[in-house]
J.: 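One structure coming up, written as C-alpha cells, with questions to follow.
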Amino acid sequence: MAHLWAIGATDALDLMMATPILYSFRRCPYAMRARWAIWHTQLRVEIREVVLRDKPTELWAVSPKGTVPVLCLPDGQVITESLEIMLWALGQNSAWHPNALGAQQMALILQHDTEFKPLLDAYKYPERHLALSPQQHQDNATYWLETNICNRLAAHTYLIDTEFRLSDAAIAPFIRQFSAVAPDWFLQHANPLLQQWLARVLQDDFFAAGMQKYPRWQAGDSPSYFPAKQ
C-alpha cells in the first residue's frame with residue numbers, strides 16, 4: 001500500500017517536480033530489488049543515497065519508520081515497501097510480471113520474505129540468535145533454499161519459467177547475501193543449480209547498473225539520477 005505522510009516544506013517543493021525521488025542504500029537488498037525494477041522499465045528517479053547509521057531528517061519526514069527504499073511520487077504518494085515500488089515501476093503488466101503469472105510470483109515472493117529472510121538474518125548474525133549454532137542456521141537456510149528455490153530451478157532456468165521475472169529480481173539480492181556469508185562454502189557445497197542461477201543474475205547488465213555507486217545525499221546537493229544515463 002502506498003502511504004501519504006505529512007511532509008515538510010522542502011520535500012513538498014521537491015514532490016511538485018516531475019521526477020520521483022528514491023531514498024536508497026546501495027547494499028540493502030530491498031533497495032536493490034527496487035532499483036532493478038526501475039532500471040528494467042527505464043524510468044528515471046532522483047536517487048538519494050543515505051547512510052543507515054545517520055539517516056537524513058528528510059527521510060524521516062516522508063517515512064516515519066525510516067527504512068529504505070522509499071519512493072516519493074510527484075502526486076504526493078510515498079511508497080515505503082520495496083515490492084510495491086517494483087510493482088509501481090512495472091505497471092499493470094510487463095515481461096517481468098505478466099498478469100498470467102501474477103499470483104504465482106507474488107506467492108513465492110511473500111513466502112521468501114516471511115520465511116527465508118529470518119533464516120538468512122540468523123545465518124548472517126548467529127551471535128544474535130544463540131538458540132542454535134552457526135552450522136544449524138546455515139543448515140536451516142540451505143534446507144529452505146533446496147525445498148523452495150532449487151526444486152524450481154530443477155524444472156526450468158529461472159524461478160517461474162524460462163524467463164527472468166519479478167520473482168527472480170525480488171529474491172536474488174537475498175540469495176546474493178546468503179552466498180556472501182561463507183563464499184568458499186557456497187562455491188563448494190551449494191546446489192549447482194542455485195549457483196548457476198545466481199551467476200546468471202549477477203552477470204546481467206541490470207546488476208551492474210543497479211549497483212552503481214552514488215555519493216551520500218545531503219540536503220542542498222545537486223540531484224543525482226538513476227539510471228544515470230538514458
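The basis for the numbers below is simple: all heavy atoms, side chains too, and nothing from hydrogens, waters or symmetry mates.
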J.: Report, as yes or no, whether the 6.0 Å neighbourhood of atom OH on Tyr143 holds more than 12 heavy atoms from other residues, nucleotides or ligands.
T.: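 No, the 6.0 Å shell around OH holds no more than 12 heavy atoms from other groups.
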J.: Hey, is the main chain of Trp217 close enough, under 3.5 Å, to the side chain of Glu49 for a donor-acceptor pair?
T.: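 Such a contact is absent between Glu49 side chain and Trp217 backbone.
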J.: Please determine whether salt bridge (Lys or Arg N to Asp or Glu O under 4.0 Å) holds for the pair Arg216 and Asp54, giving the CA-CA distance in whole Å, both sets of side-chain angles, and the decisive distance to 0.1 Å.
T.: CA-CA 10 Å; Arg216 175 187 180 182; Asp54 187 19; 2.5 Å; yes
J.: Given Trp96, which of Trp39, Tyr158, Trp36, Phe164 fulfils the ring pair (Phe, Tyr, Trp, His ring centres under 6.0 Å) condition?
T.: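 It is Phe164; the other options fail the test.
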J.: Check for me, please, whether Leu202 and Trp197 land in the same ILVMFWY cluster - side-chain distances under 4.5 Å, paths through other members count.
T.: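 Leu202 and Trp197: one cluster.
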J.: Check whether any side-chain heavy atom of Leu71 lies under 4.5 Å from a side-chain heavy atom of Leu73, and answer yes or no.
T.: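 With C-beta onward as the side chain, the pair touches.
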J.: Is there a side-chain contact between Arg35 and Val45 (heavy atoms, below 4.5 Å)?
T.: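 Not touching, per the 4.5 Å side-chain cut-off.
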J.: Quick one: are Gln196 and Leu153 in side-chain contact, heavy atoms under 4.5 Å?
T.: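 No. Closest side-chain heavy atoms not under 4.5 Å.
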J.: Please determine whether side-chain contact (heavy atoms from CB on, under 4.5 Å) holds for the pair Glu81 and Leu87, giving the CA-CA distance in whole Å, both sets of side-chain angles, and the decisive distance to 0.1 Å.
T.: CA-CA 10 Å; Glu81 298 294 334; Leu87 295 174; over 6 Å; no
J.: Does the side chain of Ile160 reach to within under 4.5 Å of the side chain of Arg152, using non-hydrogen atoms?
T.: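 Yes; the side chains approach each other to less than 4.5 Å.
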J.: Can you find a pair of side-chain heavy atoms, one from Trp144 and one from His112, that are under 4.5 Å apart?
T.: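 Result yes, sub-4.5 Å side-chain heavy-atom pair found.
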J.: Verify whether one side chain among Gln135 and Asp139 offers a donor that lies under 3.5 Å from an acceptor in the other.
T.: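 The criterion, which ignores hydrogens and geometry beyond distance, is satisfied for Asp139 and Gln135.
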J.: Give, for atom CD of Gln111 and atom OG1 of Thr114, the distance between the pair rounded to the nearest 0.5 Å.
T.: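 Reported to 0.5 Å precision, the distance equals 7.0 Å.
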J.: For Gln138 and Tyr123, test the side chains for any donor-to-acceptor distance below 3.5 angstrom and give the result as yes or no.
T.: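 Note: Gln138 and Tyr123 side chains meet the donor-acceptor criterion.
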J.: Consider only side-chain heavy atoms of I, L, V, M, F, W and Y, link residues closer than 4.5 Å, and tell whether Ile175 and Tyr125 are in one cluster.
T.: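 Different hydrophobic clusters.
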J.: Consider only side-chain heavy atoms of I, L, V, M, F, W and Y, link residues closer than 4.5 Å, and tell whether Leu119 and Trp185 are in one cluster.
T.: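 They do share one cluster, since a chain of ILVMFWY contacts under 4.5 Å joins Leu119 to Trp185.
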J.: So do the side chains of Leu22 and Ile38 get within less than 4.5 Å of each other, counting heavy atoms only?
T.: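 Leu22 vs Ile38: side chains touch.
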J.: Using side-chain heavy atoms (C-beta onward) and a distance below 4.5 Å, is Arg176 in contact with Met32?
T.: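 Yes, their side chains come closer than 4.5 Å.
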J.: With salt bridge (Lys or Arg N to Asp or Glu O under 4.0 Å) as the criterion, how do Arg200 and Asp168 come out once you've worked through the C-alpha distance, each side chain's angles and the decisive distance to 0.1 Å?
T.: CA-CA 11 Å; Arg200 284 194 296 273; Asp168 297 279; over 6 Å; no
J.: Considering only heavy atoms from C-beta outward, does the side chain of Tyr30 approach that of Val68 to under 4.5 Å?
T.: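 SC-SC contact between Tyr30 and Val68 ruled out.
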J.: State whether the side chain of Glu163 and the backbone N or O of Ala95 hold a donor-acceptor pair below 3.5 Å, judged by distance alone.
T.: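 No; judged by distance alone, with no hydrogens or angles, the pair does not exist.
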J.: Do you reckon Leu132 sits in the same ILVMFWY cluster as Phe116, going by side-chain contacts under 4.5 Å, direct or chained?
T.: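 Per the 4.5 Å side-chain linkage, Leu132 and Phe116 are not co-clustered.
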J.: If we ignore hydrogens and angles and just use 3.5 Å, is the side chain of Arg165 paired with the main-chain N or O of Leu159 as donor and acceptor?
T.: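 Looks like no, no N/O pair under 3.5 Å.
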J.: Closest approach of Cys150 and Leu194, non-hydrogen atoms and distance?
T.: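 Answer, listing the atom of Cys150 first, then Leu194: SG-CB, 3.9 Å.
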J.: Ignoring hydrogens, what is the shortest heavy-atom contact between Met86 and Ala37? Give both atom names and the distance.
T.: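 Taking every non-hydrogen atom into account, CA-CB, 3.8 Å.
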J.: Can you tell me how far apart NE2 (His40) and CG (Asp205) are? Round to the nearest 0.5 Å.
T.: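 That separation rounds to 13.0 Å.
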J.: Between Glu46 and Arg48 (salt bridge meaning N to carboxylate O under 4.0 Å), is one present in this structure?
T.: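 So Glu46 pairs with Arg48 through a salt bridge.
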J.: Once you round to the nearest 0.5 Å, how far does CG of Asn191 lie from NE2 of His189?
T.: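 Rounded to the nearest 0.5 Å, the CG-NE2 separation comes to 13.0 Å.
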J.: Would you say the side chains of Arg44 and Thr19 form a donor-acceptor pair under 3.5 Å?
T.: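 Distance-only check fails for Arg44 and Thr19.
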J.: Around Arg27, counting heavy atoms of other residues, nucleotides and ligands shown, do more than 12 lie under 6.0 Å from its CZ?
T.: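 No.
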J.: Identify whether Val51 and Val70 are in the same connected component of the hydrophobic contact network (ILVMFWY, side-chain heavy atoms under 4.5 Å).
T.: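 No, Val51 and Val70 fall in different hydrophobic clusters.
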